[in-house]
Amino acid sequence: MKGRDTRCAVRTPQRGVPTMETFQSLLAKKLSDSLASAGFSDAGELTPATDPRFGDYQTNAALVLGKQRSEKPRIIAEKIVAHFDVNHLCEPPVVAGAGFINFTLRPDAIGKKTVEVLRDERLGIAEATSKKHIVIDFGSPNVAKPMHVGHVRSIVLGDALARVAEFLGHEVIRDNHIGDWGTQFGMVIYGWKNLLDQRALQRNPLAEIVRVYKETNERAASDPQVREACRQELVKLQAGDKENTDIWNECVAFSMQDFDHVYELLGVRYDIQCGESFYNDRLAGVVERLLKSGIAEVSEGAVVVFFRDIPELADRPCIIRKRDGGFNYATTDIATIDYRVNDLKADTVWYVVGAPQILHFKQIFEIARRQGYKADFRHITFGSILGEDRKLMKTRSGGNVPLRNLLEEACRRARKIIEEKNPDLSEEEKIGIAQKIGIGAVKYGDLSQYRMTDYVFSWEKMLSLQGNTAPYLQNAYVRVRSIFRKAGESAVATPLRGVDIGGQQIETGRRPVATALSLEDSAEINLAKRLCQFAEIVPQVLNDFRPNILANYLFELANGFHTFYEACPVLKSEEPARSSRLAICHLTARVLQRGLDFLGIKVPEKM
RNA sequence: GCGCCCGUAGCUCAGCCGGAUAGAGCAACGGAUUUCUAAUCCGUGGGUCGGGUGUUCGAGUCACCCCGGGCGCGCCA
């Protein structure tokens, strides 16, 4: 029953650290109690209702038990319901359909829980029960090549997973496994020595390196002499030749500058950046060890690992040392695993790398397993970004779209929209907002999709102010902030003493501290319910590495807020509704901000 | 040839370990603005879930086959 721990977990609160329970976990516990007192074993699961008509949560426990015991599910359901202790949490559960049991939360319970969430710094999100040491390998650009759209999914997905994992209490190391070594450097160095334009290099170093690399590549394709010369340059580099090493160092440095610029735009950081070259002096030892242990063998002059006992890989051996004695990326990846497990003490390694490398990682993980590594290795794959023609996204001339240009265009386009909608903002504000919206739109466009599907990149769609987009979510946040800007001093009249609302601590003197919100309108009840669900959703992101679950939740939350905003006046309403509504507004903003932050997206105060 | 991924509304996509009458957004059409940002909200129409067989109380979801698209398959990464 994989995943049950995140669906209806019953946590034992740690001593001294009261862990807030979600409605789901509370109901799951009560269900478990009622099953026991009705004489049944735990069965089925408690999940959010599939349809509002069925209430808020449902369980199929009676269906599962009915099958096990060959009894009528509805009869069993009635017995479970009879033993269910509602205890102010929900209305008496209802048996429906084939034997489902439906639970509808009581508004007062929602009001109470909302205050709990409001008072909790973690917004109700519990830490993971078992803390992991996770190395996340994502991004991994190649030196002497510009980062292009193909890298964006890995970066954005890896970063989001890292943010969620960290919040859940895991120890995360973000590792940028830069492609800074390999056969392409023969060509780069040849090009550097023979084709380099110093003035162009000063103007735009990376562009010039890319140009000479490309040109060399073309020459090598048709001229065997050039090909051989490149090979010689590579051999010299790998032998430690001073001149070539200097050139290589310069290329790496220029590339890193470009990468850093993109990371800054994206707001992405790494803990370590151990590129391929980092592992150079370990490669010979890796091969030697694998040969000695019998995991690898010599075949046709190369050192190879066979997987004869695995049907899927039986005719797909993995070369770890080429016939010419050189090492390849498989060797590097094995050395990388050694380092991550032995030196970084990882018990979990996530590779956020495109689907085409599935076979490669199957082989690498199997080799790790044969070496006795027990860590949990996951290859987190993702689909491609397509252009409007439904083919891999390319520039008009057919090249890769540089990521830097793409992000800059996102900001430009966002700027243009802001200019139209809100021309009175200061220049400084416009720049900041354009960046938050533009970058956010690109990230959200990606993370709101299921990671495996290819998707069509569309400026119009991702920057639209309506629909499931970053600007729509950001706008919900902005609306809340606007309320608090307007409210000013009057927000202080809230009875929610001690609760931080709108950046100010509320003190109300002798008034009693409210422990629940007063929720009347269906729009505010729905919104509060949604806010309470945040804690149920976030851990699910790591279940199968699906940030789109969170994106979807945030969209529904923003939608619920906009509905509430239309239906329920906040500042003009009477107490106690006014305070209640201010409180859910405030909580909405916090959840939106926190949730978007998990996706690496910033929120503007105005837009 | 073998392997992996995808196929859901006109378009772009959700739908996690099988759960009730399959959902959003966009586009289309019809409404709402003395207002805390209409950058919004409410409503309507729209589907043999690529096709078939099977597993069972129950299949978009699982198994097998077929069709269509993408990707990968010793010395590139």
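Proteins get letters first, then strands, A, B, ... in listed order; numbering begins at 1 in each. Side-chain atoms are counted along with the backbone in the values below, which use heavy atoms only and exclude waters and symmetry mates.
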Have a look at [X] and say if it touches a base, only the backbone sugar-phosphate, or nothing, with a 4.0 Å heavy-atom cut-off.
X: A/Pro317; value: base
X: A/Ala302; value: base
X: A/Asp424; value: nothing
X: A/Leu63; value: base
X: A/Glu276; value: sugar-phosphate
X: A/Asp324; value: nothing
X: A/Lys572; value: sugar-phosphate
X: A/Val478; value: base
X: A/Ser464; value: nothing
X: A/Asn328; value: sugar-phosphate
X: A/Ala96; value: base
X: A/Tyr472; value: sugar-phosphate
X: A/Gln466; value: sugar-phosphate

I want to check one thing: is the phosphate of [N], taken as OP1 and OP2, less than 4.0 Å away from some side-chain N or O of [X]?
X: A/Lys322; N: B/C76; value: yes
X: A/Thr563; N: B/C42; value: yes
X: A/Asn548; N: B/G15; value: yes
X: A/Asn559; N: B/C41; value: yes
X: A/Arg546; N: B/G15; value: yes

What distance, rounded to whole Å, do you find between the two [atom1] atoms, one in [N] and one in [M]?
N: B/U8; M: B/G46; atom1: C1'; answer: 14 Å
N: B/A59; M: B/G54; atom1: P; answer: 12 Å
N: B/C11; M: B/G47; atom1: P; answer: 13 Å
N: B/U48; M: B/G43; atom1: P; answer: 25 Å
N: B/C4; M: B/A22; atom1: P; answer: 32 Å
N: B/C57; M: B/C73; atom1: P; answer: 45 Å
N: B/A20; M: B/A39; atom1: P; answer: 39 Å
N: B/C49; M: B/U21; atom1: C1'; answer: 15 Å

By nearest atom, which of the nucleotides [options] is closest to the [X] side chain?
X: A/Thr183; options: B/A77, B/A20, B/A39; value: B/A77
X: A/Arg323; options: B/C75, B/A77, B/C41; value: B/C75
X: A/Val456; options: B/C41, B/C13, B/G15; value: B/C13
X: A/Gln58; options: B/U40, B/G23, B/G19; value: B/G19
X: A/Leu359; options: B/C75, B/G72, B/A39; value: B/G72
X: A/Leu571; options: B/C36, B/A77, B/C41; value: B/C36

Nearest whole angstrom, please: distance from the [atom2] of [N] to the [atom1] of [X].
X: A/Ile364; N: B/A77; atom1: CD1; atom2: C1'; answer: 12 Å
X: A/Asn60; N: B/G19; atom1: CG; atom2: P; answer: 9 Å
X: A/Phe564; N: B/C42; atom1: CZ; atom2: C1'; answer: 17 Å
X: A/Glu45; N: B/G18; atom1: CD; atom2: C1'; answer: 9 Å
X: A/Arg231; N: B/C75; atom1: CZ; atom2: P; answer: 16 Å

Is there side-chain contact between [X] and [Y], with at least one heavy-atom pair below 4.5 Å?
X: A/Leu596; Y: A/Lys602; result: no
X: A/Val478; Y: A/Pro604; result: yes
X: A/Val353; Y: A/Ser154; result: no

Check: [X] side chain, [Y] main-chain N or O, donor-acceptor pair, under 3.5 Å:
X: A/Asp454; Y: A/Ser384; result: yes
X: A/Glu45; Y: A/Thr59; result: no
X: A/Ser448; Y: A/Tyr444; result: yes
X: A/Asp175; Y: A/Cys274; result: yes
X: A/Thr469; Y: A/Leu465; result: no

request  = With RNA chain B as reference, determine whether A/Lys421 or A/Pro569 sits nearer its 5' end, using the nearest nucleotide of each.
outcome  =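 Comparing both residues, the 5'-ward one is A/Pro569.
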Taking for A/Asp454 and for A/Phe100 the nucleotide of RNA chain B with the nearest heavy atom, the one nearer the 5' end belongs to A/Asp454
Symbol by symbol from the 5' end, with Watson-Crick or G-U pairs under 3.5 Å, [ ] crossing and | another strand, RNA chain B is (((((((..((((.....[...)))).(((((.......))))).....(((((..]....))))))))))))....
Would you kindly check whether a donor in the side chain of A/Asp180 faces an acceptor in the base of B/A77, or vice versa, at under 3.5 angstrom?
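By the distance-only test, no, there is no pair.
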Each nucleotide of nucleotides 1-10 of chain B classed B (base within 4.0 Å of a protein heavy atom), S (only sugar-phosphate) or -, in 5' to 3' order, makes -BSSS-----
Review point. If you draw the axis of the six-membered ring of A/Phe306, does the NZ or CZ of A/Arg308 fall within 45° of it and under 6.0 Å from the ring centre?
Key: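 Yes - A/Arg308 lies over the ring of A/Phe306, closer than 6.0 Å to its centre and within 45° of its axis.
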Aromatic contact, [X] with [Y] (centres under 6.0 Å):
X: A/His360; Y: A/Tyr329; result: yes
X: A/Trp350; Y: A/Phe377; result: no
X: A/Tyr472; Y: A/Phe555; result: yes

- Stacking between A/Phe54 and the base of B/A20 (centre distance under 5.5 Å, interplanar angle under 30°)?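 The ring of A/Phe54 is stacked on B/A20.
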Check: Would you call A/Arg370-A/Asp309 a salt bridge at under 4.0 Å N-O?
Finding: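 A salt bridge is present here (some side-chain N lies under 4.0 Å from a carboxylate O).
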- With under 30° as parallel and over 60° as perpendicular, where do the rings of A/Phe457 and A/Trp459 fit, or are they tilted in between? perpendicular
